[in-house]
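Note sheet for the following structure.
Every chain is numbered from 1 and lettered A, B, ... according to where its sequence line falls, protein lines coming before strand lines. Every value quoted in this text rests on a predicted model; they were computed, and no experiment measured them.
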Number of protein chains: 2
Amino acid sequence: MGYPFAMARTREFDVDQAIDRAMDLFWRRGYAETSLQDLLKELSIGSGSFYAAFGSKEELYIRSLDRYISLQGNDLEKTLDSATEIRAAVRKVLTSLIEADLTDPARGCLVVNTSTQCGEQPSATDRVTAAVRQVESSLAGALERAQTRGEISADKDPRQLARFLTTFIQGIRIVGQARAGREFAEDALSVAMRALD
Amino acid sequence: MGYPFAMARTREFDVDQAIDRAMDLFWRRGYAETSLQDLLKELSIGSGSFYAAFGSKEELYIRSLDRYISLQGNDLEKTLDSATEIRAAVRKVLTSLIEADLTDPARGCLVVNTSTQCGEQPSATDRVTAAVRQVESSLAGALERAQTRGEISADKDPRQLARFLTTFIQGIRIVGQARAGREFAEDALSVAMRALD
DNA sequence: CCCTTTCTGGATCGATCAATACATAACTAT
DNA sequence: ATAGTTATGTATTGATCGATCCAGAAAGGG
């Protein structure tokens, strides 16, 4: 940037931290229900700083969504790798989602929320599609490795299983948000787990 | 109402038809993205008539949601009863959802959309919860009857299966809205169907 | 006809929306 | 210290939001 002759004032807030806070707000309240005033208050900045840093509410939402997808993607990968057995790993992924929905039903999944709230916006829907593919890919990888370890019978298609689990995960988020209750989700889970047998 | 002495002007539009049209608009565009102007234009009425008949945008949304749940519930019951074999019936329910999402991905399911868009509103969330329970109940009934016919093995719990299918259905709607594609949904479906074996 | 009641729709309300303008503050190389 | 650049936050923009007001139209019993 125009660097010879004079440096400028330094930004007083951390952009990445601001995105994290915005993500949390969008997650809890949704895009439409989060006003610019809410964001400015949450981020403790003025509108001048806001627009200088993020351009618009919409752009910040997209950056928040990217951040969410990245965090959740890493978390999924980590959980799938942490357990030594694929069934335990998958169960852990799903039970942690069930617990999260029971603890805070209003949140749900930011990707799912985006898909139902921003259906017309290409920049949002493209990311939703990519996020689903990313979950599919992570699960397919873990299932393939499990298959080579002999934990999954050879006649199963890891990709089909991954697509099934990806779909089921989205369903779990919805029935969680719908407050169907722990018993409901765990009944569904116990049936779904048999798909790996 | 104050009937002796004078009758009043008759309403010029059909309330139930208006609710159907409003339902369709809310379904396509969501609650926040549907303005009062949009509704008045779609229903071809003025704001006076609107508020006299429906009270508020929010109340009309609730009535639209009730209408949607009633229509979809009847449709589900009918499909489950139409087929002679439970597997064919369940498959029909799911493939028709997949086709609907492929035809019009922006719509999705109004109940699911409500759960992610109106998370704070008790009148909305109560209906979402009830709608999920209703789907569970319809499926459980059909599965029980199938079990007495010997189509489902006796060691299975119809309620568990119903909860699984209910959850999976919600997932199908989400991956459909996420534009994961026909192949994706059909792979997931083929795995899910094995839960009935 | 007249009277009472309800429906209708354009005008209008205050509130709030996202976004901009602008004066001032902060910062660094010179 | 000064000059040049960017950050900051308040004030303000025009637009739009949901909702209300109200004058006139339509209806049928008297």
Using whole Å, what does the distance between atom [atom2] of nucleotide [N] and atom [atom1] of [X] come to?
| X | N | atom1 | atom2 | value |
| --- | --- | --- | --- | --- |
| B:Leu43 | C:dG9 | CG | P | 12 Å |
| B:Lys41 | C:dG10 | NZ | P | 14 Å |
| A:Phe13 | C:dA26 | CZ | P | 17 Å |
| A:Arg11 | C:dT28 | CZ | P | 15 Å |

May I have the list of side-chain donor-acceptor pairs in residues 22-30 of chain B shorter than 3.5 Å, sequence neighbours left out?
{"from": "B:Asp24", "atom 1": "OD1", "to": "B:Arg107", "atom 2": "NH2", "distance (Å)": "2.3"}
{"from": "B:Asp24", "atom 1": "OD2", "to": "B:Arg28", "atom 2": "NE", "distance (Å)": "3.0"}
{"from": "B:Asp24", "atom 1": "OD2", "to": "B:Arg28", "atom 2": "NH2", "distance (Å)": "3.1"}
{"from": "B:Asp24", "atom 1": "OD2", "to": "B:Arg107", "atom 2": "NH2", "distance (Å)": "2.9"}
{"from": "B:Trp27", "atom 1": "NE1", "to": "B:Gly108", "atom 2": "O", "distance (Å)": "2.9"}
{"from": "B:Arg29", "atom 1": "NH2", "to": "B:Asp38", "atom 2": "OD2", "distance (Å)": "3.4"}

Residue pairs passing the side chain to side chain donor-acceptor pair (under 3.5 Å) test where at least one lies in residues 165-178 of chain B, sequence neighbours excluded: B:Asp101-B:Arg173
Contacts of type side-chain hydrogen bond (donor to acceptor under 3.5 Å, both in side chains), residue A:Asp66, not counting sequence neighbours: A:Arg127
Contacts of type side-chain hydrogen bond (donor to acceptor under 3.5 Å, both in side chains), residue B:Glu12, not counting sequence neighbours: B:Arg9
Per-nucleotide protein contact string for nucleotides 18-26 of chain D, where B marks a base within reach and S marks sugar-phosphate only (heavy atoms under 4.0 Å, - for neither): SBB---BBB
Atom CD of B:Gln37 with >12 non-hydrogen neighbours under 6.0 angstrom: no
Sugar-phosphate, base or nothing in reach of A:Phe54, heavy atoms under 4.0 Å: nothing
Sugar-phosphate, base or nothing in reach of B:Ile45, heavy atoms under 4.0 Å: sugar-phosphate
Salt bridge (Lys or Arg N to Asp or Glu O under 4.0 Å) partners of residues 129-142 of chain B, not counting sequence neighbours, each pair once: B:Arg133-B:Glu136, B:Glu136-B:Arg163
